[in-house]
*Asks:* 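Before we start, here is the structure in question, set down as structure tokens.
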Amino acid sequence: MPELPEVEVMRRDLEKEIVGKKIKTVEVSRMRTIRRYRQRKPFISALEGNKITGIQRRGKYLLAKLDNGDVLVIHLGMSGQLRRAAGTKEPLAKHTHVVITFTQGGQLRFIDPRTFGEMFVTQLDGIETEVEELAHLGMDPLETVVSWDYFGELVAQRQAKLKTLLMDQKFIAGIGNIYSDEILHHAGLRWDRMSNELRPEEIRRLYRAVGEVLHDGVKYRGSSLADEQYVDLFGKLGSFQTHHQVYARDGQACLRCRREIVREKVGGRSTFFCPFCQV
DNA sequence: CGATCTACCTGATGGC
DNA sequence: TGCCATCAGGTAGATC
């Protein structure tokens with residue numbers, strides 16, 4: 001479900017809503033959500049009594065820093081939601097797996113029908129920079145400032161289809177199935193172009209498209225698809241789906257050239273593109 | 001190194 | 001109505 005823009009919107013919401021709050025109690029009703037633990041106790045006691053001091057994001061992961069130096073890591077998987085609740089009285093949504101209650105009142109709830117999401121508490125490596133479990137992640141396209149020629153170097157070093165490369169979290173962290181297709185359309189490049197065969201201006205277009213599309217995704221508060229599974233911390237839908245150029249628009253006219261958007265299955269995932277605008 | 005498949009889950013949808 | 005197949009924003013691990 002959530003890719004970088006949705007996670008970034010959530011990060012901003014959490015920053016306003018839960019930073020400075022102290023964790024009073026934690027309830028875990030589904031062990032799979034904290035599958036790195038065998039018991040719920042160690043997870044719960046790693047959180048209770050701690051204050052949240054800040055919220056960061058690495059790719060699609062959220063990091064809530066605690067005042068004891070530890071970090072609560074949250075990944076939303078395909079269907080995870082974080083929702084604010086006023087208190088215990090608000091009815092629990094189905095598939096609510098973790099509830100964090102703050103001493104100041106209010107709750108943070110983790111809801112996740114498909115249970116691909118997870119939460120765990122870990123430490124920051126050394127001088128509060130890296131989390132060991134996330135060390136495999138590549139550069140964050142919104143946080144890391146890379147020049148386009150350095151980006152081009154990295155792209156050319158690899159020998160991969162562009163869609164695969166964009167979705168490779170070890171290369172760039174945060175891009176998934178929706179935004180990879182949108183980025184490639186914006187760049188005018190086909191999903192199956194090889195990364196080491198791009199001309200310099202194509203590399204520059206790709207570089208720009210990554211930044212612009214993700215930035216717009218955040219600006220419009222993420223993409224909520226037909227199932228409306230993605231909502232922000234307060235339950236509100238995003239609107240970037242109304243700006244999609246290709247994703248889930250197969251059979252419809254390309255907004256640039258009016259020809260038909262095509263859907264193909266690549267690596268088990270639906271891929272949408274315009275065979276005329278994307279070369 | 002890269003590509004491709006599988007597994008992990010639940011729910012919605014569409015064909016028959 | 002039921003039943004079955006297919007599909008869905010993700011990641012990790014095995015295999016070739």
Side-chain angles (χ1 to χ4, degrees), chain A residues 1-11 29-36 57-62 73-82 93-97 110-120 131-138 141 154-184 191-197 213-214 216-218 220-232 237-244 246-251 263-272:
Chain A
M1 166 223 234
E3 303 180 33
L4 187 148
E6 292 78 28
V7 179
E8 176 61 19
V9 168
M10 186 57 70
R11 187 195 71 74
S29 48
R30 179 111 177 193
M31 280 306 291
R32 185 166 152 76
T33 300
I34 55 162
R35 54 185 165 278
R36 299 191 189 213
R57 182 188 54 72
R58 284 281 286 134
K60 300 173 195 169
Y61 290 83
L62 285 163
V73 180
I74 305 168
H75 194 282
L76 301 172
M78 286 281 257
S79 59
Q81 292 180 7
L82 288 170
K94 201 177 176 187
H95 306 295
T96 301
H97 306 317
F110 183 74
I111 302 156
D112 187 16
R114 293 182 70 185
T115 72
F116 292 156
E118 68 162 333
M119 294 175 121
F120 61 93
V131 168
E132 194 191 333
E133 290 88 341
L134 307 184
H136 65 282
L137 294 178
L154 295 177
V155 169
Q157 273 169 19
R158 299 285 294 263
Q159 188 170 356
K161 295 194 170 96
L162 291 182
K163 170 143 176 159
T164 314
L165 186 64
L166 288 176
M167 289 180 54
D168 181 354
Q169 304 301 299
K170 292 190 280 301
F171 180 67
I172 310 187
I175 299 169
N177 204 38
I178 293 180
Y179 291 92
S180 58
D181 284 3
E182 292 299 320
I183 288 166
L184 289 171
W191 62 270
D192 53 356
R193 287 288 299 281
M194 295 303 287
S195 60
N196 57 336
E197 291 170 1
V213 170
L214 294 177
D216 279 358
V218 176
Y220 292 101
R221 298 192 61 79
S223 302
S224 297
L225 302 187
D227 59 10
E228 300 194 347
Q229 275 218 50
Y230 168 69
V231 288
D232 67 17
L237 296 169
S239 64
F240 190 60
Q241 66 281 3
T242 65
H243 298 268
H244 286 176
V246 284
Y247 188 83
R249 294 196 66 247
D250 50 317
R263 169 194 181 134
E264 267 177 34
K265 207 75 169 171
V266 339
R269 320 291 302 269
S270 288
T271 297
F272 305 89

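All chains are named by letter (A, B, ...) in the order of the sequence lines, taking the proteins before the strands, and each is independently numbered beginning at 1. The figures here come from the full heavy-atom set of this structure, side chains too, leaving out hydrogens, waters and symmetry mates.
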*Asks:* Could you tell me the separation between the CD atom of Gln81(A) and the P atom of dG10(C), rounded to a whole number of Å?
*Replies:*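 Going from CD in Gln81(A) over to P in dG10(C) covers 15 Å.
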
*Asks:* Can you tell me if His244(A) and Ser223(A) form a side-chain donor-acceptor pair at under 3.5 Å?
*Replies:*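 Checked: His244(A)/Ser223(A) side chains pair up, N/O donor to acceptor below 3.5 Å.
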
*Asks:* To the nearest 0.5 angstrom, please state how far the CG atom of Leu4(A) sits from the CD atom of Gln169(A).
*Replies:*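 Here the interatomic distance stands at 9.0 Å.
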
*Asks:* Any chance you could encode DNA chain C as dot-bracket? Rule is Watson-Crick or G-U wobble with both distances under 3.5 Å; [ ] for pairs crossing earlier ones, | for another strand.
*Replies:* .|||||||.|||||||

*Asks:* Would you kindly compare Pro113(A) and Met194(A) by the position of their nearest DNA chain B nucleotide and give the one closer to the 5′ end?
*Replies:*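 Result: Met194(A).
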
*Asks:* Regarding Lys265(A), tell me which of base, sugar-phosphate or nothing describes its non-hydrogen contacts under 4.0 Å with the strands shown.
*Replies:*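 If one applies the 4.0 Å heavy-atom cut-off, Lys265(A) turns out to touch the sugar-phosphate alone, with no base involved.
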
*Asks:* If you assign Gly267(A) and Arg30(A) each to the DNA chain B nucleotide with the nearest heavy atom, which residue ends up on the more 5' nucleotide?
*Replies:*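 Residue closer to the 5' terminus by nearest nucleotide: Gly267(A).
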
*Asks:* Can you pull out the residues from residues 156-169 of chain A that lie within a 4.0 Å heavy-atom distance of DNA chain B?
*Replies:*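 Under 4.0 Å from DNA chain B: Arg158(A), Gln159(A), Ala160(A), Lys161(A), Thr164(A).
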
*Asks:* Rounded to whole angstroms, how far apart are CG on Leu134(A) and P on dT11(C)?
*Replies:*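 Taking CG of Leu134(A) and P of dT11(C), I get 11 Å after rounding.
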
*Asks:* Mind checking whether Tyr247(A) and Phe240(A) have ring centres under 6.0 Å apart?
*Replies:*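 Centroid separation for Tyr247(A) and Phe240(A): 6.0 Å or greater.
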
*Asks:* Given Ser224(A), which of Glu6(A), Gln229(A), Gln241(A) fulfils the side chain to side chain contact (heavy atoms under 4.5 Å, CB included) condition?
*Replies:*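 One option only clears the test, and that one is Gln241(A).
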
*Asks:* Any N or O donor-acceptor pair linking the side chain of Arg269(A) to the base of dA8(C) at under 3.5 Å?
*Replies:*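 By the distance-only test, no, there is no pair.
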
*Asks:* Is Arg263(A) near enough to dA8(C) that one of its side-chain N or O atoms lies under 4.0 angstrom from OP1 or OP2?
*Replies:*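 Result: yes.
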
*Asks:* Leu137(A) CG to dT11(C) P: how many Å, rounded?
*Replies:*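 In whole Å, dT11(C) P and Leu137(A) CG are 8 Å from each other.
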
*Asks:* Using the test side chain to side chain donor-acceptor pair (under 3.5 Å), find all partners of Arg158(A) that sit at least two apart in sequence or belong to another chain.
*Replies:*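 Scan of Arg158(A) (side chain to side chain donor-acceptor pair (under 3.5 Å), adjacent residues dropped) gives Asp168(A).
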
*Asks:* Listed by chain and number, what are the side chain to side chain donor-acceptor pair (under 3.5 Å) partners of Arg193(A), not counting sequence neighbours?
*Replies:*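 Only Glu202(A) meet the side chain to side chain donor-acceptor pair (under 3.5 Å) criterion with Arg193(A).
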
*Asks:* Calculate the interatomic distance between Asn177(A) atom CG and dG10(C) atom P; express it in whole Å.
*Replies:*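 Rounded to the whole Å, the gap is 6 Å.
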
*Asks:* Please tell me whether Thr271(A) and Lys163(A) have a donor and an acceptor in their side chains that are separated by less than 3.5 angstrom.
*Replies:*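 Indeed, the side chains of Thr271(A) and Lys163(A) share at least one donor-acceptor pair under 3.5 Å.
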
*Asks:* Using the salt bridge (Lys or Arg N to Asp or Glu O under 4.0 Å) rule, take Glu118(A) and Arg36(A) through it: C-alpha gap first, then chi angles, then the decisive distance, then the call.
*Replies:* CA-CA 9 Å; Glu118(A) 68 162 333; Arg36(A) 299 191 189 213; 2.8 Å; yes

*Asks:* Within the structure shown, what part of the strands sits under 4.0 Å from Tyr179(A) by heavy-atom distance: base, sugar-phosphate, or nothing?
*Replies:*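 No contact.
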
*Asks:* For DNA chain B, which nucleotides open and close the run of contacts to chain A, 5' to 3', at under 4.0 angstrom from a non-hydrogen atom?
*Replies:*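 Footprint of chain A along DNA chain B, 5' to 3': dG2(B) to dG11(B).
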
*Asks:* Any side-chain N or O of Lys60(A) less than 4.0 Å from the OP1 or OP2 oxygen of dT11(C)?
*Replies:*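 For dT11(C), OP1 or OP2 has a side-chain N or O of Lys60(A) closer than 4.0 Å.
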
*Asks:* In whole angstrom, give me the gap between the P atoms of dC3(C) and dC9(B).
*Replies:*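 It works out to 24 Å between them.
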
*Asks:* Is Ser79(A) near enough to dG10(C) that one of its side-chain N or O atoms lies under 4.0 angstrom from OP1 or OP2?
*Replies:*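 So the side-chain polar atoms of Ser79(A) never come under 4.0 Å of the phosphate oxygens OP1 or OP2 of dG10(C).
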
*Asks:* Which residues pass the side chain to side chain donor-acceptor pair (under 3.5 Å) test with Ser195(A), not counting sequence neighbours?
*Replies:*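 By the side chain to side chain donor-acceptor pair (under 3.5 Å) rule, Ser195(A) matches no residue at all.
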
*Asks:* On a whole-Å scale, what distance lies between the P atoms belonging to dT6(B) and dA5(C)?
*Replies:*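 Nearest-Å result for dT6(B) against dA5(C) at atom P: 16 Å.
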
*Asks:* Ile74(A) has an atom CD1; how far is it from atom P of dG10(C), in whole Å?
*Replies:*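 Computing the Ile74(A):CD1 to dG10(C):P distance gives 18 Å.
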
